[in-house]
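Just so it is clear, the values below take in all heavy atoms, side chains as well, and ignore hydrogens, waters and symmetry mates. So that the names make sense, note that chain A is the first sequence line, chain B the second, and so on, each numbered from 1.
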2 protein chains.
Amino acid sequence: MRKHLEIFPVTGLPEVAAGADLAALIADGTDLRDGDVVAVTSKIVSKAEGRLTYGTRQEAIDAELVRVVAQRGETRIVQTRHGLVMAAAGTDTSNTAPGTVLLLPVDPDESARVLRTALNERYDVNVGIVVTDTLGRPWRNGQTDLAIGAAGVRVIEDLRGTTDSHGNVLAVTEPALADEIASAGELVKGKADGVPVAVLRGLQDAVLPVGEHGPGARALVRDAEFDMFSLGTREAARAAVLSRKEPSGPREVDPAVWAGLLRDVDDVRLELGDNAVTVFGVEPVTVGVIAEKLAVLLHAEGYGVTVRPGPGAEATVTFGSRSR
Amino acid sequence: MRKHLEIFPVTGLPEVAAGADLAALIADGTDLRDGDVVAVTSKIVSKAEGRLTYGTRQEAIDAELVRVVAQRGETRIVQTRHGLVMAAAGTDTSNTAPGTVLLLPVDPDESARVLRTALNERYDVNVGIVVTDTLGRPWRNGQTDLAIGAAGVRVIEDLRGTTDSHGNVLAVTEPALADEIASAGELVKGKADGVPVAVLRGLQDAVLPVGEHGPGARALVRDAEFDMFSLGTREAARAAVLSRKEPSGPREVDPAVWAGLLRDVDDVRLELGDNAVTVFGVEPVTVGVIAEKLAVLLHAEGYGVTVRPGPGAEATVTFGSRSR
């Protein structure tokens with residue numbers, strides 16, 4: 001158990017320019033001790049690293065994204081090269097000159113490692129580093145600060161397999177420690193105040209020995225393949241007709257997938273094979289409609305799928321290669 | 001700017017039973033001061049309120065949910081009566097007797113108000129209360145503690161319209177303060193240690209005057225209608241064929257919705273009307289397939305939609321009433 005946590009803002013930092021020595025600025029601005037965790041806003045890391053680009057924000061977002069996760073109007077939630085899913089790819093136009101856009105650090109974990117190493121080698125202090133940014137969340141209003149980079153700090157506390165005070169095994173509990181550190185730091189930082197650094201004292205147990213940087217904040221990024229929300233609601237429906245995979249190889253399918261679909265349709269019959277379902281009917285347009293509905297439902301379950309019109313009122317939906 | 005934040009665990013609390021006096025337990029276990037924020041794990045609130053039910057966890061989840069947001073295997077992400085989107089509807093079987101399941105408080109904001117009022121009236125202290133629970137997140141590994149109930153504390157800092165240190169207007173910045181408080185408190189609480197309460201000192205500016213409870217954590221819940229992730233990827237695709245709304249009234253539609261769809265299809269022609277698009281073709285099964293694809297794409301854009309086979313190789317897709 002942690003006994004007592006203190007969080008200090010690091011005040012009085014000058015405006016950070018490209019090439020700035022962040023380690024010196026932070027070490028001069030506070031009295032760092034072994035075991036402290038330093039939460040640094042990514043914005044000043046980016047500025048120090050000269051991550052300013054010329055052009056419009058939309059151009060910058062286009063260059064930073066690897067895929068669009070969801071879009072409504074002008075708002076684009078995208079996945080960045082870092083794997084982060086966030087609005088506007090983390091680009092920033094506040095506190096920047098007109099016509100310029102600030103990008104996220106190229107590798108925020110590496111930025112954290114460089115800063116940690118500099119603080120250790122030049123100021124003889126062993127601290128953990130968390131590079132933070134502000135992210136919105138599905139289902140919740142407002143934003144919280146999360147960890148986009150980390151070094152020398154445990155990012156996830158794996159409590160799986162440990163027991164609670166009653167001896168029950170804690171099955172799925174993995175607190176995202178680095179994210180909670182980022183949120184806690186934000187309570188004393190503050191966007192409008194120009195305090196981009198906070199120091200958390202009392203988390204010694206979460207700070208790694210000198211030389212060990214740990215897995216970084218990358219470990220907090222869930223692979224889209226394992227995510228139940230890899231696309232927005234609208235984008236998932238669009239993908240179901242526009243971005244289907246080709247089937248490959250026979251795979252079993254549970255007819256429960258389309259149970260209920262045929263409730264209101266007369267004169268349509270399905271025949272299920274190893275890796276295909278054939279739709280027979282009287283009215284061929286309806287056969288096409290039902291075949292396409294089956295294809296969407298199979299896609300939703302992760303199957304590759306194609307629809308092929310047969311002779312007359314018949315269509316074959318071929319499926320295979322469950323992918324998620 | 002906040003100068004300095006301290007977070008203490010409240011230790012030595014006894015096991016909480018139904019009917020327990022939480023205000024007394026917390027006030028006895030710590031030296032509360034005006035302006036403190038008390039972060040209380042929902043689990044002990046539920047226990048004090050006797051929110052234990054008999055049966056299986058699945059039965060409890062079924063009773064607590066208002067809709068299933070996403071499901072993979074046994075894992076169900078659901079929306080609860082409170083509006084919260086979370087795994088297993090917040091039900092808990094750790095630290096409970098076999099055959100029993102602990103549910104979330106009926107109204108965590110009300111629980112927070114009752115606790116705040118009791119601490120004020122009986123111990124003469126004005127503190128903010130945040131009731132916390134542990135929630136998973138899309139796109140990120142691990143869980144963080146968030147606010148599911150709150151009283152006497154600002155839950156969102158609305159910085160929209162304020163300026164940064166350079167005079168730029170902060171357009172979309174609304175820090176979810178109560179969520180960041182919950183995450184910060186978790187850093188000294190801890191699931192395995194049996195420390196269910198933390199006190200945060202230094203957030204006086206976020207604590208409301210006596211008698212004002214504020215909007216509660218309910219203000220942090222985003223309405224599904226305004227959420228780009230109101231369903232899981234799989235569920236969104238399923239809903240696109242199984243849960244479409246009926247169209248009502250003419251509405252304009254941008255043919256860009258289906259641009260690209262007809263690239264690989266020969267002999268199909270579309271005719272766009274006020275609130276319908278008619279598909280003409282040579283091969284009627286293909287006409288049905290295309291009509292259904294159009295319907296899914298229109299559904300994705302928020303239109304109510306129906307597909308009606310026409311005479312011969314023709315189908316009409318009627319749309320209207322854009323809903324989101």
request  = Determine the option with the most heavy-atom pairs under 4.5 angstrom with chain B, choosing from A237(A), G310(A), A295(A), G312(A).
outcome  = A237(A)
note = Cut-off 4.5 Å, heavy atoms of chain B, and the answer for V85(A) is both
Flag, side chain of R154(A) to backbone of D205(A), donor-acceptor distance under 3.5 Å = yes
message = Only pairs of heavy atoms separated by less than 4.5 Å count here; which of P284(A), A240(A), A236(A) has the most with chain B?
response = P284(A)
message = Under a 3.5 Å distance rule, please check whether E180(A) uses its side chain to pair with a backbone N or O of E186(B) as donor and acceptor.
response = no
ask   = Among V282(B), V289(B), V279(B), whose side-chain contact (heavy atoms from CB on, under 4.5 Å) with V268(B) holds?
value = V279(B)
ask   = Can D145(B) and S183(B) be counted as having a side-chain donor-acceptor contact under 3.5 angstrom?
value = no
ask   = Who among I156(A), D179(A), V296(A) has the most heavy-atom pairs with chain B under 4.5 Å?
value = D179(A)
inquiry  = Strictly distance-based, threshold 3.5 Å: is any side-chain N or O of T80(B) a donor or acceptor partner for the main-chain N or O of H82(B)?
reply    = yes
request  = Would you please name every residue forming a side chain to side chain donor-acceptor pair (under 3.5 Å) with E6(A), sequence neighbours left out?
outcome  = H4(B)
key: Leading residue by heavy atom contact count with chain B [cutoff under 4.5 Å; candidates R201(A), R308(A), R137(A), E283(A)]   = R137(A)
ask   = Could you give the distance from OG1 (T144(B)) to CD1 (I181(A)), rounded to the nearest 0.5 Å?
value = 12.5 Å
message = At a heavy-atom distance under 4.5 Å, which candidate from L187(A), V241(A), L84(A), L177(A) has the highest pair count against chain B?
response = L187(A)
query = Which of the residues L200(B), I77(B), D223(B) is involved in the greatest number of heavy-atom pairs with chain A at under 4.5 angstrom?
reply = I77(B)
ask   = So what's closer than 4.5 Å to chain A heavy atoms on A219(B): side chain, backbone, both or neither?
value = backbone
note = Cut-off 4.5 Å, heavy atoms of chain A, and the answer for Q79(B) is neither
Distance flag, aromatic centroids of F226(A) and W139(B), threshold under 6.0 Å = no
request  = Examine whether an atom of A239(A) lies under 4.5 Å from a heavy atom of chain B, and if so say whether it belongs to the side chain, the backbone or both; otherwise answer neither.
outcome  = neither
inquiry  = Salt bridge check, E292(B) against R244(B): does any charged N sit closer than 4.0 Å to a carboxylate O?
reply    = yes
request  = Just give me the residue among V307(A), V155(A), L146(A) that pairs up with chain B most often, heavy atom to heavy atom, under 4.5 Å.
outcome  = L146(A)
remark   = The interface call for L231(A) against chain B, heavy-atom contacts under 4.5 Å, is both
request  = Against chain B, label I290(A) side chain, backbone, both or neither, depending on which of its atoms sit under 4.5 Å from a heavy atom there.
outcome  = neither
key: Portion of V257(A) that has a non-hydrogen atom of chain B nearer than 4.5 angstrom   = both
